[in-house]
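The block underneath contains the structure these notes are about, expressed in structure tokens.
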Amino acid sequence: MKVFNTMAGKEEDFHPRGEVVTMYVCGITAYDDSHIGHAMAYVIFDVIKRYLRFRGYKIKHIQNFTDIDDKIIQRASQLEIPPLRLANEYIERYFADMDALNIERADIYPRATEEIAQVIEIVQGLLAKGHAYEFEGSVYFRVRNFPAYGKLSHRNLSDMISQMCTYEEKKEYPLDFALWKASKPGEPFWESPWGRGRPGWHIECSAMALKYLGKSIDIHGGGQDLVFPHHENEIAQSESFTGQVPFVRYWLHSGIMQYDRQKMSKSTGNLVGVGEILKRFSPDAVRLFILSSHYRSPLTYSEEAVEASEKGAERLRWALTHQASAGKGVTTLNAELFEQRFVEAMDDDFNTAQAIAVLFELTREINRSAEEGVDIIEAQHILLKLAGVLGFTLREKTQSTPDTDAFIGLLASVRDDLRRNQQWQLADRIRKGLADLGVTLEDTPQGTRWKYKT
RNA sequence: GGCGGUGUAGCCAAGAGGUUAAGGCAGGGGUCUGCAAAACCCCGAUGCGGCGGUUCGAAUCCGCCCGCCGCCUCCA
């Protein structure tokens with residue numbers, strides 16, 4: 001299997017260090033609702049994780065929450081509530097959105113404010129080795145001590161410096177970044193050897209990765225907008241602290257969601273919330289939209305595109321509702337070749353677009369075979385299994401209950417009797433009535449099938 | 001300005017030197033059908049931003065140009 005490693009700038013064979021693949025994915029800063037750009041990133045890493053498991057790996061997945069930072073403090077003070085309460089609320093909402101999208105939970109979700117001890121330990125270690133310095137209660141990382149700085153984002157120091165107009169005087173060097181920030185009056189703080197303060201943004205990820213996954217982890221993921229400076233800084237501080245190179249073996253970055261010819265981002269305000277979109281479309285449609293293009297390409301959000309995905313998702317779902325014809329068919333649809341092609345596509349840097357094409361071809365084959373009376377049960381199982389690797393549930397949006405299912409089934413069978421007696425008016429009235437209630441009836445040579453309208 | 005990405009049918013989107021350029025949505029024709037819907041079959045780029053070049057052969061490699069986007073400040 002090959003994966004594109006940002007560090008190498010090309011695809012590489014994937015060989016984890018041990019039995020368990022260690023995977024760290026950068027989480028959110030909890031000060032606002034999740035938007036579909038977040039959905040994109042977390043759906044993608046969810047699929048990567050599901051596929052690795054499908055290929056026989058065990059995975060240990062850590063994802064952080066930044067629950068203290070400037071924006072959280074600012075927002076909280078506007079709302080006049082404690083910053084940690086604000087963060088907690090948005091973390092809960094994050095979980096609700098991501099659960100709805102059928103994104104599997106990570107093994108552990110550490111929070112910055114709960115890892116202060118580990119952060120302080122690392123900062124102390126960096127100070128002791130001379131890789132950091134203190135100034136007025138804050139501690140900065142000494143970038144010039146790390147010659148490899150820029151290796152991930154493929155930049156060099158002098159280029160970056162020449163572009164910088166201003167920098168804070170308290171730093172020795174413009175690119176030095178804060179490991180520990182002294183707190184201003186009224187801000188939340190934690191006691192430290194340098195006085196009251198809080199962790200810098202980058203350090204929490206190093207602290208958590210080292211604590212929960214070890215000095216050298218297999219996969220580190222995040223959006224492409226984190227490559228510089230966030231991940232670059234993580235490398236600098238982690239490798240300087242542990243002496244272990246590389247800190248990360250495979251850097252995986254997802255493309256950025258565009259909207260209205262611009263990057264979708266909290267700071268520009270051009271957002272489409274996850275909750276908002278899930279009111280209109282099924283989780284499968286959203287996932288299908290995201291996974292229809294390659295994970296490293298930018299993806300432009302549009303309602304039309306998700307609508308098209310909804311139609312596609314319906315086709316996949318519908319192929320699973322054919323009446324089983326086990327044992328009756330002389331021949332059986334063999335779906336192994338489809339599974340092979342699916343694996344081939346996914347082995348090539350998670351080519352979900354191609355994998356999805358295979359699912360649609362299998363769907364057509366199932367439909368065709370069902371009409372011909374070929375046994376398709378096994379093929380349906382395979383379709384459901386492979387769809388599951390991409391996180392599709394292929395369940396209808398409306399949750400059915402045994403009660404309503406029975407009523408609808410009864411109406412449908414009564415209508416079938418009417419149709420047999422050519423009572424078209426009554427039959428059509430039932431169909432129309434059910435349609436108004438959100439149930440679609442379809443008459444086929446094999447009988448009437450029904451589904452909830454999505 | 002530096003670094004990176006990208007431009008493929010009406011729309012979305014794979015493919016990265018060589019059989020008929022995947023797949024989805026929309027559209028047209030047909031089969032089936034009381035009608036409807038679905039499903040299935042057939043059709044659609046002699047063409048892959050433009051111009052040159054390398055090659056027996058290029059969406060695919062090279063050069064130049066044009067367009068769009070990202071990062072370089074917080075961001076998934």
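Chain letters run A, B, ... following the sequence lines, proteins first, then strands; residues in each count from 1.
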Closest to the [X] side chain, choosing from [options]:
X      : options             : value
A:K311 : B:C72, B:C25, B:A22 : B:C25
A:Q258 : B:G23, B:C69, B:G15 : B:C69
A:F228 : B:G23, B:C25, B:C71 : B:C71

Worksheet item: Which residue, A:E336, A:E361, A:Q354, forms the side chain to side chain donor-acceptor pair (under 3.5 Å) with A:R341?
Response: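 Answer after filtering A:E336, A:E361, A:Q354: A:E361.
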Worksheet entry | A:H230, A:E232, A:Q237, A:H231 screened by side chain to side chain donor-acceptor pair (under 3.5 Å) with A:H202, the one that passes |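 It is A:H230, the one option of A:H230, A:E232, A:Q237, A:H231 that forms the side chain to side chain donor-acceptor pair (under 3.5 Å) with A:H202.
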Any side-chain donor paired with an acceptor under 3.5 Å for [X] and [Y]?
X      : Y      : answer
A:T113 : A:D67  : yes
A:N88  : A:R111 : yes
A:T404 : A:Y452 : yes
A:R296 : A:S254 : no
A:E89  : A:Y31  : no
A:S282 : A:R395 : no

Under-3.5 Å N/O pairs linking protein and nucleotides 3-5 of chain B:
none

For the pair made of [atom1] in [X] and [atom2] in [N], what is the distance, rounded to whole Å?
X      : N     : atom1 : atom2 : value
A:N233 : B:C72 : CG    : C1'   : 13 Å
A:F360 : B:C40 : CZ    : P     : 11 Å
A:F338 : B:G23 : CZ    : P     : 11 Å
A:L226 : B:G70 : CG    : C1'   : 13 Å
A:Y90  : B:A76 : OH    : P     : 14 Å
A:L362 : B:A22 : CG    : C1'   : 15 Å
A:K49  : B:A76 : NZ    : P     : 19 Å
A:M98  : B:A76 : CE    : P     : 11 Å

Worksheet item: Among A:V358, A:I382, A:N334, which residue meets the side chain to side chain contact (heavy atoms under 4.5 Å, CB included) test with A:E339?
Response: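 Between A:E339 and the candidates, side chain to side chain contact (heavy atoms under 4.5 Å, CB included) is satisfied uniquely by A:I382.
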Would you mind classifying the nucleic acid contact of [X] as base, sugar-phosphate or nothing, using non-hydrogen atoms under 4.0 angstrom?
X      : answer
A:A305 : nothing
A:F289 : nothing
A:M264 : base
A:H253 : nothing
A:S293 : sugar-phosphate
A:A308 : sugar-phosphate
A:G222 : sugar-phosphate
A:G9   : nothing

Worksheet item: If you measure from the Lys or Arg side-chain nitrogens to the Asp or Glu carboxylate oxygens, is any gap between A:D70 and A:R198 under 4.0 Å?
Response: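 Looking at A:D70 and A:R198, the cut-off is met.
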Now, which nucleotide makes the Watson-Crick or G-U wobble pair with [N], with each of the two distances under 3.5 Å?
N     : result
B:A22 : none
B:G70 : B:C3
B:U54 : none
B:U33 : none

Item to complete: Starting at the 5' end of nucleotides 34-39 of chain B, put B wherever the base has a protein heavy atom under 4.0 Å, S where only the sugar-phosphate does, and a dash everywhere else.
Response: BBBBSB
Fill in: Pairwise 5' ranking along RNA chain B for A:E361 and A:D348, keeping only the more 5' one
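Of the two residues, A:D348 wins.
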Discussion item. Roughly how many Å apart are B:A38 and B:A22, using the C1' atom of each and rounding to a whole number?
Written reply: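 These two C1' atoms come out 24 Å apart once rounded.
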Worksheet item: Say you draw a straight line from CG of A:N351 to CE of A:M346; how long is it, rounded to the nearest 0.5 Å?
Response: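 Between A:N351 CG and A:M346 CE, I get 8.5 Å after rounding to 0.5 Å.
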